[in-house]
Amino acid sequence: MISAQAYGENGKMKEYHYTGPVEHKFSPYAFNGGTVLAVAGEDFAIVASDTRLSEGYSIHSRDSPKCYKLTDTTVLGCSGFHGDCLTLTKIIDARLKMYKHSNNKTMTSGAIAAMLSTILYGRRFFPYYVYNIIGGLDEEGRGAVYSFDPVGSYQRDTYKAGGSASAMLQPLLDNQIGFKNMENVEEVPLTLEKAVQLVKDVFISAAERDVYTGDALKICIITKEGIREEIVPLRKD
Amino acid sequence: MPEDSTHLSGGGIHGEAFSTRLPGRGGLSPLEFYMPIAEYLTESPINFGQTSLRSAPTNLLNIDHLHPSLPSISLPPPTPFPISPSVPLPFTLSHGTTTLGFAFQGGVIAAADTRSSCSGLVACPASPKVLPIHSHLVGTTSGTSADCALWKRILARELRLYQLRHRRRLSTGGAAKLLSHMLHPFKGTELCVAATLCGWDGDDEKDEEPITDKYGNISTNQVTSSGSNNQSTSTAAAASQPLISFTTQQVVESRSRICGPRVIYVCSDGLRLKGELFSVGSGSPYAYSILDSSVYWGMSVQEATAVAREAVFRATYRDAYSGNNVDLYHVTAKGWRRRERENLKEEYYREKERERKRVAERKAEKNKEKFNV
């Protein structure tokens with residue numbers, strides 16, 4: 001909707017015409033788009049992300065997935081500023097190795113989540129511009145999803161969407177997985193097939209309405225057998 | 001570390017070994033105080049990403065050159081490191097809430113809503129804002145959720161270490177002081193923590209009678225209770241049965257000075273206030289109106305929980321940044337107990353139903369009057 005606020009005094013649109021002296025400052029951040037989603041089930045977890053890397057009006061790459069495999073039972077999805085995503089995953093990989101060498105066992109999902117929280121808070125005054133979601137299996141084999149904000153506040157959820165289309169996907173997940181805001185609903189537990197189908201549908205919808213989401217969808221399915229990957233094409237425009 | 005514990009048990013705020021411990025620092029100034037935190041931070045430095053520390057106006061600060069990026073707790077103001085030339089953040093952090101805590105004869109009630117909002121978007125509709133710190137202390141959090149979560153964790157760690165070293169729990173006042181001093185170096189930065197620490201102080205759980213009359217019988221018991229400590233009064237109470245009412249008041253009088261419910265507000269600006277009733281957050285004005293009219297010392301536990309719940313409900317009704325559910329914790333001498341998280345959606349529907357009934361009643365009465373007249 002075009003409102004009167006978008007126009008300056010000379011009748012020209014403020015965003016596209018010079019309105020007065022402007023100070024430009026170097027910003028160390030950039031927004032590279034992308035959406036990540038994670039769902040936890042009874043004995044599985046799904047982490048899915050689109051594979052488009054964009055900046056402003058350009059697309060840098062159509063094949064840049066945002067899921068990173070951490071251990072055999074944990075996958076991290078990060079969206080936001082790609083530079084910080086890369087550095088963060090490098091740091092996490094190094095810390096995982098250190099833990100493995102000093103404690104002789106792999107880190108559990110809960111431990112990785114707690115560690116990521118302190119890593120992120122370690123940069124409280126110059127944060128990593130990354131929206132993280134960890135999906136994996138906890139010690140008892142149940143699905144676990146941990147969602148983070150850029151400075152390290154986290155909690156365990158059943159499902160979470162993060163990234164550019166998160167505001168569109170989260171209400172849909174609330175309704176379909178959380179059975180919220182509905183009356184007289186029978187709450188059936190989520191099966192793996194239904195969850196995968198839901199994730200595909202949800203991303204197709206996101207690609208329709210969000211310019212930063214599209215190209216392809218990569219789904220990582222984590223079960224006790226291991227991690228399985230699926231790639232589904234999305235809109236390329 | 002063994003040398004740390006001997007240091008602490010040596011006591012004294014200005015232990016003479018202090019200046020030798022931290023190299024690069026001159027003599028003791030009156031504003032420096034001994035904080036064990038500095039040692040922990042030396043061992044496991046928490047770098048908070050402060051930028052351009054070296055380009056800081058060094059004539060203002062006493063920089064510890066061995067550990068330039070540590071938040072040095074024991075420096076006097078101005079800020080130990082310059083406020084980072086705010087790297088403009090492309091995102092906002094979660095804010096907005098309603099939390100409250102008050103003390104009454106049956107303990108302390110801490111309640112909060114559960115909405116975590118991020119400039120217009122609800123980042124999380126079920127975030128826990130009342131965090132238990134140890135068995136007898138809970139803290140409500142308001143401000144940036146990451147800051148609150150982390151500082152609560154740090155506080156819990158420090159309190160646990162204190163408990164292990166000194167074989168007693170730190171009092172709520174002590175915990176509040178500790179938190180306030182830990183946050184002090186970050187004054188002026190964008191750290192935002194406003195916590196209400198609600199706890200029960202006291203070392204004997206065997207005296208479980210509620211403090212019924214906090215201010216009663218001061219004149220008669222002043223002489224006897226001022227000199228007595230907990231131990232003697234409790235044995236006196238146990239020994240003399242017929243005088244139980246008299247000695248209970250003695251116990252009450254001395255106990256309420258040392259132990260009992262405590263509510264203390266700590267904020268990252270450096271404020272630390274002891275009181276009986278606090279409400280923090282964007283919805284606090286609405287909560288205060290309910291609390292100020294209904295809270296009194298002698299209320300029962302059911303009354304107190306009902307008032308707390310109602311206060312949060314009214315605040316969520318009017319404040320856009322508060323909502324979803326209510327979390328309620330009740331702290332007594334036995335520890336904290338968590339009440340079931342309640343979804344306020346049902347409450348709205350009940351409220352609407354009541355309103356509808358009232359309107360229908362009024363209409364019926366008006367019609368009756370019309371016919372009678």
Side-chain angles (χ1 to χ4, degrees), chain A residues 23-33 79-81 84 87 113-114 116-133 145-171 173-174 178 180-183, chain B residues 44-53 69 71 81-95 114 116-129 131 141 143-154 157 185-186 188-193 268 324 343 345 349:
Chain A
E23 187 186 324
H24 288 285
K25 212 172 157 181
F26 170 69
S27 166
Y29 295 114
F31 181 59
N32 292 117
S79 66
F81 173 41
D84 277 344
T87 307
L116 181 55
S117 171
T118 43
I119 291 175
L120 291 172
Y121 199 84
R123 289 269 299 255
R124 168 67 176 83
F125 297 116
F126 183 16
Y128 290 108
Y129 181 17
V130 190
Y131 292 95
N132 295 292
I133 305 182
V145 164
Y146 297 92
S147 61
F148 295 77
D149 83 342
V151 276
S153 150
Y154 80 106
Q155 62 177 68
R156 185 171 172 173
D157 284 318
T158 318
Y159 54 87
K160 185 80 177 167
S164 57
S166 60
M168 288 180 225
L169 299 182
Q170 190 65 32
L173 295 178
D174 281 335
K180 297 243 179 90
N181 307 315
M182 289 197 283
E183 304 274 326
Chain B
S44 59
I46 306 174
N47 290 317
F48 288 105
Q50 299 93 317
T51 56
S52 67
L53 188 65
S69 55
F81 51 82
I83 302 160
S84 310
S86 302
V87 182
L89 290 176
F91 50 81
T92 51
L93 304 169
S94 340
H95 263 91
T114 59
S116 179
S117 52
C118 225
S119 83
L121 176 68
V122 176
C124 182
S127 56
K129 292 191 196 173
L131 303 171
T141 60
T144 313
S145 31
D147 291 331
C148 294
L150 192 96
W151 284 104
K152 282 283 154 63
R153 231 175 129 186
I154 292 178
R157 178 188 71 181
F186 299 96
T189 65
E190 63 216 19
L191 207 71
C192 183
V193 176
S268 54
N324 296 102
N343 195 339
K345 194 174 57 157
Y349 287 122

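Hydrogens, waters and symmetry mates are skipped; everything else that's a heavy atom, side chains included, is used. Order of the sequence lines fixes the chain letters, A, B, ..., with proteins taken first and strands second; residue numbering starts at 1 for each chain.
Residues that satisfy the side-chain contact (heavy atoms from CB on, under 4.5 Å) test with A/Phe31, not counting sequence neighbours, are A/Tyr129, A/Ser164, A/Tyr212.
Side-chain contact check for A/Arg124 versus B/Leu150: every heavy-atom pair is 4.5 Å or farther apart.
Contact detail for B/Ser145 and A/Ser153: the closest heavy-atom pair is OG-OG, 3.7 Å.
With hydrogens and angles ignored, the 3.5 Å screen pairs a side-chain donor or acceptor of A/Gln155 with a backbone N or O of B/Ala126.
Note: A/Asp157 CG to B/Cys124 SG = 5.5 Å, rounded to the nearest 0.5 Å.
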